Structure formats: structure tokens, C-alpha cells
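The structure under discussion appears below in the form of C-alpha cells.
The first residue in the sequence is number 1, and the count goes up from there. Note that the coordinates shown come from a computational prediction; the quantities given were computed from them, not determined experimentally.
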Amino acid sequence: MGEITYVRGDATSPHGKGVKVIAHVCNDLGGWGKGFVVAVSRRWPEPEAAYRSWHRERARNDFGLGALQLVRVGSYVWVANMIGQRGTRTGSKGVPVRYEAIDAALAPLGDRALELGASVHMPRIGCGLAGGRWARVEPLVTARLVERGVAVTVYDHDG
């Protein structure tokens with residue numbers, strides 16, 4: 001059984017060979033413009049365009065907490081938009097992160113990673129603007145990806 005590999009660096013420049021999926025958490029409001037998505041959009045326009053379209057057409061698709069959208073950005077690179085936070089602000093209902101939604105999105109991500117023969121790369125998802133705790137997210141990543149044989153690298157950004 002593998003384990004999560006932790007490295008310093010930028011998750012939008014994933015290490016290693018083969019097919020790679022860069023996973024991150026999005027909100028359920030259609031907002032894109034703060035946090036890790038800024039780095040994603042600097043590299044590729046497709047994930048933001050796909051997310052905005054997915055949100056705009058949400059009455060006719062699966063957009064919502066726990067949903068997963070895979071966007072191909074290169075021959076061997078995909079970006080996984082996972083809806084894992086309710087709104088964008090911490091308020092009376094607590095922080096925006098929804099652990100059960102992250103868990104729900106990680107399950108099909110594991111399926112797709114195995115189908116693609118891909119490794120998964122991510123920042124500490126749900127722990128930036130979403131306000132989550134890695135101690136709660138890490139076991140979900142381990143159960144849904146690592147224990148199923150998917151190699152996972154988590155990037156801690158310098159600066």
C-alpha cells in the first residue's frame with residue numbers, strides 16, 4: 001500500500017512521468033478567481049472556462065457539491081474541478097469546506113485516475129480559502145485514492 005508523497009513546489013507543475021491529474025476544490029457558486037485557481041488559470045484557460053460553463057448550465061447537469069469535472073489541458077495532463085465548498089465565505093454556518101463533498105468527488109476521481117493510469121497531484125485541497133483542516137482531508141484522500149492504488153503527490157507551495 002502506498003502513501004501520500006509530500007513535496008515543496010507548485011501543483012500546476014506536477015512531478016514525475018506519465019498521465020497526471022491535478023485536483024483542486026471549487027465552490028458551488030460559480031466563483032473562480034482566488035486561491036489555487038489563479039495558478040491554474042495562469043497555466044491553462046480550459047479549466048476555468050469549463051467550470052464556468054458547467055455552473056452556467058447547472059440546471060441541465062450534475063454541477064453541485066460532490067461533483068467532479070475532468071478537463072484535459074495537455075496530452076498527459078488533466079485538471080479535476082471538484083465541488084467541495086459551499087459558498088466562499090466563513091460565516092455563521094462555519095467555514096465553506098464540505099468534507100463530505102470532497103469525499104464524494106474523490107471517489108469518481110479515483111475511478112478515472114485508475115482508468116487513465118494517472119497519478120494525482122494537488123495542493124492541500126480544501127485547506128486554503130475553504131478553511132478546512134488537512135487532518136480531516138488527508139484520510140479521505142488516502143481512502144479514495146491511495147488505498148485504491150493511485151499515486152498521490154501533495155504540494156506545499158513556497159512563499
Side-chain angles (χ1 to χ4, degrees), residues 1-58 61-85 88 97-98 101-130 132 134 137-138 140-159:
M1 199 51 59
E3 58 186 34
I4 298 171
T5 301
Y6 291 89
V7 299
R8 290 201 93 41
D10 179 357
T12 65
S13 297
H15 302 235
K17 296 187 175 3
V19 180
K20 299 173 201 65
V21 178
I22 299 166
H24 70 107
V25 167
C26 304
N27 64 67
D28 65 349
L29 295 179
W32 182 291
K34 289 192 170 128
F36 183 69
V37 298
V38 174
V40 170
S41 289
R42 250 188 253 128
R43 294 281 312 259
W44 310 283
E46 299 92 344
E48 178 179 358
Y51 169 80
R52 291 189 184 281
S53 172
W54 190 29
H55 176 261
R56 206 171 30 255
E57 296 161 16
R58 65 191 176 279
N61 65 37
D62 66 345
F63 184 95
L65 284 171
L68 169 73
Q69 179 188 54
L70 271 178
V71 183
R72 192 171 201 160
V73 295
S75 302
Y76 298 98
V77 182
W78 299 72
V79 172
N81 293 332
M82 300 187 301
I83 310 300
Q85 71 179 74
T88 57
V97 70
R98 292 295 178 267
I102 292 173
D103 190 41
L106 284 169
L109 175 60
D111 295 340
R112 293 291 287 136
L114 290 167
E115 286 168 24
L116 294 166
S119 53
V120 174
H121 304 260
M122 64 180 69
R124 291 185 188 233
I125 56 172
C127 298
L129 296 173
W134 186 245
V137 176
E138 185 183 44
L140 306 177
V141 172
T142 298
R144 297 294 187 183
L145 301 177
V146 177
E147 288 177 2
R148 295 179 64 200
V150 177
V152 176
T153 303
V154 172
Y155 296 74
D156 288 313
H157 202 275
D158 294 317

Do the rings of Tyr51 and His55 sit parallel, tilted or perpendicular, given the 30° and 60° boundaries?
-> parallel
Atom pair CZ/CG of Arg148 and Asp111 - distance to nearest 0.5 Å | 4.5 Å
Side chain to side chain, Ile102 and Val97, heavy atoms closer than 4.5 Å | yes
Verdict with reasoning, Arg124 to Val137, per side chain to side chain contact (heavy atoms under 4.5 Å, CB included) | CA-CA 8 Å; Arg124 291 185 188 233; Val137 176; over 6 Å; no
Please collect all salt bridge (Lys or Arg N to Asp or Glu O under 4.0 Å) contacts where either partner lies in residues 19-34, sequence neighbours excluded, each pair once.
-> Asp28-Arg86
Any residue meeting side-chain contact (heavy atoms from CB on, under 4.5 Å) with Ala23, in chain and number order, not counting sequence neighbours | Ala80, Met82, Leu109, Val120, Met122
At their closest point, which heavy atom of Asn81 faces which heavy atom of Pro47, and how far apart are they?
-> ND2-O, 3.3 Å
Kindly give the heavy-atom pair with the smallest separation between Val21 and Ala118, and that separation in Å.
-> CG2-CB, 3.9 Å
Nearest 0.5 Å please: distance from the SG atom of Cys127 over to the CG atom of Asp156.
-> 10.0 Å
Ser75 backbone acceptor or donor facing Arg72 side chain under 3.5 Å | yes
Side chains of Ile125 and Phe36 in contact at under 4.5 Å (non-hydrogen atoms) | no
Rounded to the nearest 0.5 Å, what's the gap from OG1 on Thr142 to CD on Glu147? Could you check?
-> 6.5 Å
Stepwise side chain to side chain contact (heavy atoms under 4.5 Å, CB included) test for Trp44 and Val71 = CA-CA 10 Å; Trp44 310 283; Val71 183; over 6 Å; no
Can you name the side chain to side chain donor-acceptor pair (under 3.5 Å) partners of Trp78, sequence neighbours left out?
-> none
Between the CD atom in Glu3 and the OG1 atom in Thr5, the distance rounded to the nearest 0.5 Å is 7.0 Å
Mind checking whether Ile22 and Pro14 have side chains closer than 4.5 Å, heavy atoms only?
-> yes
Taking only residues two or more places apart in sequence, or in another chain, which ones meet Glu48 in a side-chain contact (heavy atoms from CB on, under 4.5 Å)?
-> Trp32, Ser41, Arg52
Taking C-beta and beyond as the side chain, do His24 and Val37 meet within less than 4.5 Å on heavy atoms?
-> yes
Which residues satisfy the ring-ring contact (aromatic ring centres under 6.0 Å, His included) test with Tyr155, sequence neighbours excluded?
-> His15, His121
Residues in side chain to side chain donor-acceptor pair (under 3.5 Å) with Ser13, at least two apart?
-> Arg43
Walk me through it: do Gln69 and Asp62 pass the test side chain to side chain contact (heavy atoms under 4.5 Å, CB included)?
-> CA-CA 9 Å; Gln69 179 188 54; Asp62 66 345; over 6 Å; no
Between Phe63 and Asn27, which heavy-atom pair has the shortest distance, and what is it?
-> CZ-O, 3.9 Å
Is the shortest heavy-atom distance from the side chain of Glu138 to the side chain of Ile4 under 4.5 Å?
-> yes
Taking all non-hydrogen atoms of both residues, which atom of Gly110 and which atom of Val150 are closest, and how far apart?
-> O-CG2, 4.1 Å
Smallest separation among heavy atoms of Val38 and Gly33, with atom names = CG2-O, 3.3 Å
Would you indicate whether Tyr6, at its atom OH, is surrounded by more than 12 heavy atoms from other residues, nucleotides or ligands within a distance under 6.0 Å?
-> yes
When every non-hydrogen atom of Ala105 is compared with those of Ala67, the smallest separation belongs to CB-O, 3.8 Å
Please report the C-alpha distance between Leu129 and Thr88 in whole Å, then the side-chain angles of each, then the deciding distance to 0.1 Å, and finally whether the side chain to side chain contact (heavy atoms under 4.5 Å, CB included) criterion is met.
-> CA-CA 8 Å; Leu129 296 173; Thr88 57; over 6 Å; no
